[in-house]
Amino acid sequence: MSSKEFNRVVFYSKEDMAIGHSLIKAEKLLDDYNSEQIFTINDLLEYYNIKIYFENDFFLTKWDESKKNKYLKTVELNWNLLKQKLLQISDSNIEEILNELEYNYKSNFWDLIHKLSVFKNISQSKFSEILNGFSYHINYILPQKNIVQKFNKEIKCFLLSYEKSAEIILSQFEEKTNKKLIKIFFPKSLSYSDKEYIIDKYLDYDDANFNYIRLVERSKDSNDLKLSDKTRHKAKKKSKEQNNEILEKGHTWNIRVQSGLSKDQDEPVTFKNNEGLFEATYSEKFLDKIDDEISLFNMFKHLFNYTDETSLITLVSKKSELDVMERVFMKSKHEYETGQVFTKKEMLSTLQIHLFDNYLRRKDSGIEQLINSFISHLNELLISNKLVFQIRNSDSEYIGKIRTILPDFDFLLKQYKNLADDGSIDLELLQMSSKAIGFSQITSQVKSKYIYSNDNLILQLKHLFFSDQSHLFYTESYGTKYKNLFDLITQENVTLDDFANYQKDTIQNLIRDGYLKINQENKVEIERITLIYVIRELHRNELLNYWHYPKFVRNEIDLMIKEKKLLTEDTLFSEEEIKYLNFYLNKKIYTNGYDLRNKYLHGTNVQSEQKHKNDYYLILKIITLTLLKIEDDILIRKNYC
């Protein structure tokens, strides 16, 4: 890519955070405009991208009406020139134009060929030549519905032989993306079996991309794509082969976690992170001082941090904990999104429950006994209702324990839903149905339990203030010392002049809208600090547990709810917690989960006692988390409702 091509104006989206920077480049281009110059197709498409900015009402704040009108006339003039050039396209000159076309404008080109119906000037034979000679353009052709309809046969034949066709199909139907997905249209004659043939053939390629192989492995049948178990199994084998290759070559992250007990340590817990090994050591002296089982059970939240200070489960995978590379890695829309931080939390939390159980066994107790005692504690809080749940402590094989405990756990969930819905537990009513219950169905006893937002303004402020992908936190004075604008402003004395020209427009907009201010010393400060704090909590956890915040914060939240910038839900588990629990217990949503409930229910578990033991402790972890969430719900109702 030449420097000229790199510096051209390109419209990416209305949500793009570099709009101000692009408009500054557009301003220079428009000020230097010379109507006598000879414009190439790329020059005209650049003005077309400026036109898109203007049509979406994006202008620099310093432009007055006179300057805006002048610029609008210039882009309109060039738009007419572009239309004239495109309407002259035919079999005789289209390849010449395609050879000239710059990368950034290929999408614009085919979009306009579609909108202006220029494709009608192209013959079937010439279109086949274009597909074979400019194969990568298929990515820009497929979003054009009418083009795909006209050249149905030619596109189908091309896709059946094109090496990257499987990647296009999988990206459209299986890949999870945070970007707005561009809808593409496949030829109607391309059947389910054609798609499977394309994917099966792709799996035979030596250079098949590992990411796409994983998408096949984790795929689920849909109205658009249906793959046989044979194809998925082939992908699983290929994935394992490639993964082993990666491990042998050393191209992988090394995550190591270690946990232990110390008889001499005074601090409840110490953490060390040395050369990639994260080590947590817990004090036996501290645990020995705890003489009741309820307090011991509460070590899961106070010492092991299974839940945070607002009673949200900390073990869930959080977007805010993914690094830049993990965010851009290809993922299946059917997989639970994980990263290094999540993996480390999973490893540590599992080690903690094993370690704690070993400690308790030496005291003639165990996790099961703590759980049973905590159920009694919950029943004391409930007073007039009693939850029926008890883990039978026996010496039977772990597979037998699992098949006993899972139905009982399911019945516990039904009981709490019954209590939240009707105010009491009716065991006879619950015994009328053996249908399993989903975690999302379990209601809370309190209103406005969890707070979420899908408001565009909140999402934008979250990005600007807290994202490490925002264009605002880097300054010449402080470089990359801080990873977001909030930390930069709150920890340093930053003036407006510290920001580059392309950043100043956004900063001034934030000042104009009352989110920032300039103080008497000319420093940039947060103006609506409580609002920004709420947004920070949303960034950190994707939600808030409403009743765990002080009154002045709840007042701000109430105002935002009234303005319809925030949403409320009255469920026992938050949306993120539901995802995590589903990842553990079934494959209803995620194909990369443990599937603990279904594989033992249907007998598809592996025949390994060690694996059964590990699964048993994972189930104990899920039960522990559930009991902590139930206690929180009961206490909120007692204290606030």
Side-chain angles (χ1 to χ4, degrees), residues 170-171 174-179 209-220 232 235-236 239-240 242-244 246-247 251-259 273 276-278 280 304-308 312-354 439-440 467-469 483 539-543 573-599 611 614-615 617-619 621-622 624-625:
L170 293 166
S171 291
E174 294 296 328
E175 184 185 358
K176 179 180 180 180
T177 176
N178 294 322
K179 293 182 277 186
N209 188 304
F210 178 67
N211 292 312
Y212 289 103
I213 296 169
R214 293 288 293 276
L215 291 184
V216 180
E217 181 188 356
R218 294 176 175 177
S219 67
K220 285 175 73 174
R232 289 195 185 95
K236 185 176 182 179
S239 170
K240 190 174 181 180
Q242 288 204 4
N243 193 54
N244 289 339
I246 292 168
L247 290 171
H251 298 306
T252 185
W253 283 311
N254 187 11
I255 303 172
R256 295 181 295 150
V257 176
Q258 185 172 296
S259 183
N273 203 340
L277 173 64
F278 180 81
F304 300 145
N305 296 321
Y306 274 28
T307 57
D308 69 9
L312 292 176
I313 295 174
T314 60
L315 308 181
V316 303
S317 180
K318 300 180 184 181
K319 289 179 183 176
S320 61
E321 292 177 342
L322 297 173
D323 65 27
V324 177
M325 292 301 294
E326 288 167 343
R327 274 181 237 135
V328 300
F329 278 161
M330 184 180 290
K331 306 171 192 75
S332 166
K333 63 175 70 171
H334 306 299
E335 72 176 276
Y336 187 67
E337 189 170 23
T338 65
Q340 290 189 81
V341 173
F342 173 79
T343 302
K344 188 169 77 173
K345 290 191 296 187
E346 276 295 280
M347 293 167 72
L348 180 60
S349 64
T350 303
L351 285 172
Q352 286 166 335
I353 198 164
H354 278 278
F439 293 109
S440 60
S467 173
D468 59 4
Q469 296 300 291
K483 296 302 180 186
H539 169 75
R540 187 167 68 97
N541 292 317
E542 299 296 321
L543 69 142
F573 301 104
S574 73
E575 287 182 6
E576 298 305 310
E577 291 164 347
I578 290 166
K579 292 175 186 176
Y580 179 75
L581 296 170
N582 279 324
F583 166 70
Y584 259 81
L585 290 184
N586 59 68
K587 284 192 174 182
K588 182 179 179 181
I589 300 174
Y590 304 112
T591 55
N592 65 328
Y594 293 102
D595 199 25
L596 293 175
R597 178 190 282 157
N598 289 339
K599 72 181 182 183
K611 185 69 173 69
N614 291 338
D615 287 347
Y617 278 95
L618 292 179
I619 293 167
K621 180 164 71 168
I622 292 304
T624 298
L625 291 169

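Fair warning: this is a prediction, and the values are worked out from it, not measured in the lab.
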(request) Output yes when K345 and E321 qualify as a salt bridge under the 4.0 Å nitrogen-oxygen rule, no when they do not. (result)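 Looking at E321 together with K345, the answer is yes, because their closest N to O distance falls below 4.0 Å.
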(request) Give a yes-or-no answer on whether the side chains of K621 and T350 include a donor-acceptor pair shorter than 3.5 Å. (result)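 Short answer, yes.
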(request) Find out whether K176 and E335 are in side-chain contact, i.e. whether some heavy atom of one side chain is under 4.5 Å from a heavy atom of the other. (result)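 No - every pair of side-chain heavy atoms lies 4.5 Å or more apart.
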(request) Check step by step if salt bridge (charged side-chain N to carboxylate O under 4.0 Å, His left out) holds for E217 and K240. (result) CA-CA 10 Å; E217 181 188 356; K240 190 174 181 180; over 6 Å; no
(message) Please give me the minimum heavy-atom distance between I213 and A235, naming the atom from each residue.
(response)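 Minimum heavy-atom separation between I213 and A235: CG2-O, 3.3 Å.
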(message) Quick check for you: to the nearest 0.5 Å, what is the distance between N582 atom CG and I589 atom CD1?
(response)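 Going from the CG atom of N582 to the CD1 atom of I589 covers 4.0 Å.
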(message) Any heavy-atom pair between the side chains of L543 and E575 that's under 4.5 Å?
(response)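 A side-chain contact under 4.5 Å is absent here.
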(request) Quick one: pull up CG in L585 and CD1 in I622 and give me the separation to the nearest 0.5 Å. (result)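 Going from the CG atom of L585 to the CD1 atom of I622 covers 5.5 Å.
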(request) Could you pull out the closest heavy-atom pair between R540 and K318, with the gap in Å? (result)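 The pair with the smallest heavy-atom distance is O-CD, 3.5 Å.
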(request) Output, in order, the C-alpha distance, side-chain angles, deciding distance and verdict of side chain to side chain contact (heavy atoms under 4.5 Å, CB included) for K599 and D615. (result) CA-CA 11 Å; K599 72 181 182 183; D615 287 347; 3.2 Å; yes
(message) My understanding is that only residues two or more places apart in sequence, or in another chain, count here; which of them pass ring pair (Phe, Tyr, Trp, His ring centres under 6.0 Å) with Y580?
(response)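 Once residues adjacent in sequence are excluded, the partners of Y580 under the ring pair (Phe, Tyr, Trp, His ring centres under 6.0 Å) criterion are Y584.
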(request) Using modelled atom types only, decide if a donor and an acceptor are shared between the side chain of N592 and the backbone of Y336 within a distance under 3.5 Å. (result)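 Flag set: sc N592 to bb Y336 pair under 3.5 Å.
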(request) Look up atom OG1 in T591 and atom CZ in F583, then write down how far apart they are to the nearest 0.5 Å. (result)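 The distance works out to 10.5 Å.
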(request) Give the C-alpha distance, both sets of side-chain angles, the deciding distance and a yes or no for side chain to side chain contact (heavy atoms under 4.5 Å, CB included) between Q258 and L351. (result) CA-CA 8 Å; Q258 185 172 296; L351 285 172; 5.7 Å; no
(message) Please evaluate residues E577 and F439 with respect to the criterion side chain to side chain contact (heavy atoms under 4.5 Å, CB included), reporting the C-alpha separation (whole Å), side-chain torsions for both, the decisive distance (0.1 Å), and the verdict.
(response) CA-CA 9 Å; E577 291 164 347; F439 293 109; over 6 Å; no
(request) Identify the two heavy atoms, one from E174 and one from R218, that lie closest to each other, and give their separation to 0.1 Å. (result)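 Scanning both residues, the minimum pair turns out to be OE1-O, 4.3 Å.
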(message) Does K220, at its NZ atom, have more than 12 non-hydrogen atoms belonging to other residues, nucleotides or ligands within less than 6.0 Å?
(response)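 Result for NZ/K220: enclosed.
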(message) Donor-acceptor check, side chain of T314 to backbone of N305, threshold 3.5 angstrom: yes or no?
(response)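 Present.
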(message) Return the CD to CD distance between Q340 and E326, rounded to the nearest 0.5 Å.
(response)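 It is 5.0 Å, given to the nearest 0.5 Å.
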(message) Rounded to the nearest 0.5 Å, what separates atom CD in E346 from atom CG in L315?
(response)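 Reported to 0.5 Å precision, the distance equals 6.5 Å.
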(message) Looking at every non-hydrogen atom in both residues, tell me the closest pair between N598 and K587 and how far apart they are.
(response)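 Nearest heavy atoms, N598 then K587: ND2-N, 3.8 Å.
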(request) Report yes or no: does R232 contribute a side-chain atom to a donor-acceptor pair with the main-chain N or O of S219 at less than 3.5 Å? (result)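 Side chain of R232 to backbone of S219: a pair is present.
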(message) Tell me whether S317 contacts the main-chain N or O of F342 through its side chain, where contact means a donor paired with an acceptor under 3.5 Å.
(response)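 Side chain of S317 to backbone of F342: no pair is present.
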(request) Quick one: pull up NZ in K483 and CD in Q469 and give me the separation to the nearest 0.5 Å. (result)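 With rounding to 0.5 Å, NZ (K483) is 10.0 Å from CD (Q469).
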(request) Say whether, by atom type as modelled, one donor and one acceptor occur between the side chain of Y306 and the main chain of S349 under 3.5 angstrom. (result)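 Yes, the answer is positive, given that a donor and an acceptor are paired below the 3.5 Å cut-off.
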(request) Could you pull out the closest heavy-atom pair between L348 and A280, with the gap in Å? (result)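 Distance-wise, the nearest heavy atoms are CD1-CB, 3.9 Å.
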(request) Using the side chain to side chain contact (heavy atoms under 4.5 Å, CB included) rule, take Y590 and S332 through it: C-alpha gap first, then chi angles, then the decisive distance, then the call. (result) CA-CA 9 Å; Y590 304 112; S332 166; over 6 Å; no
(message) Which residue is it: D308, T307, N541? I am looking for the one with a side-chain contact (heavy atoms from CB on, under 4.5 Å) to I313.
(response)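 Single side-chain contact (heavy atoms from CB on, under 4.5 Å) partner of I313 among D308, T307, N541: T307.
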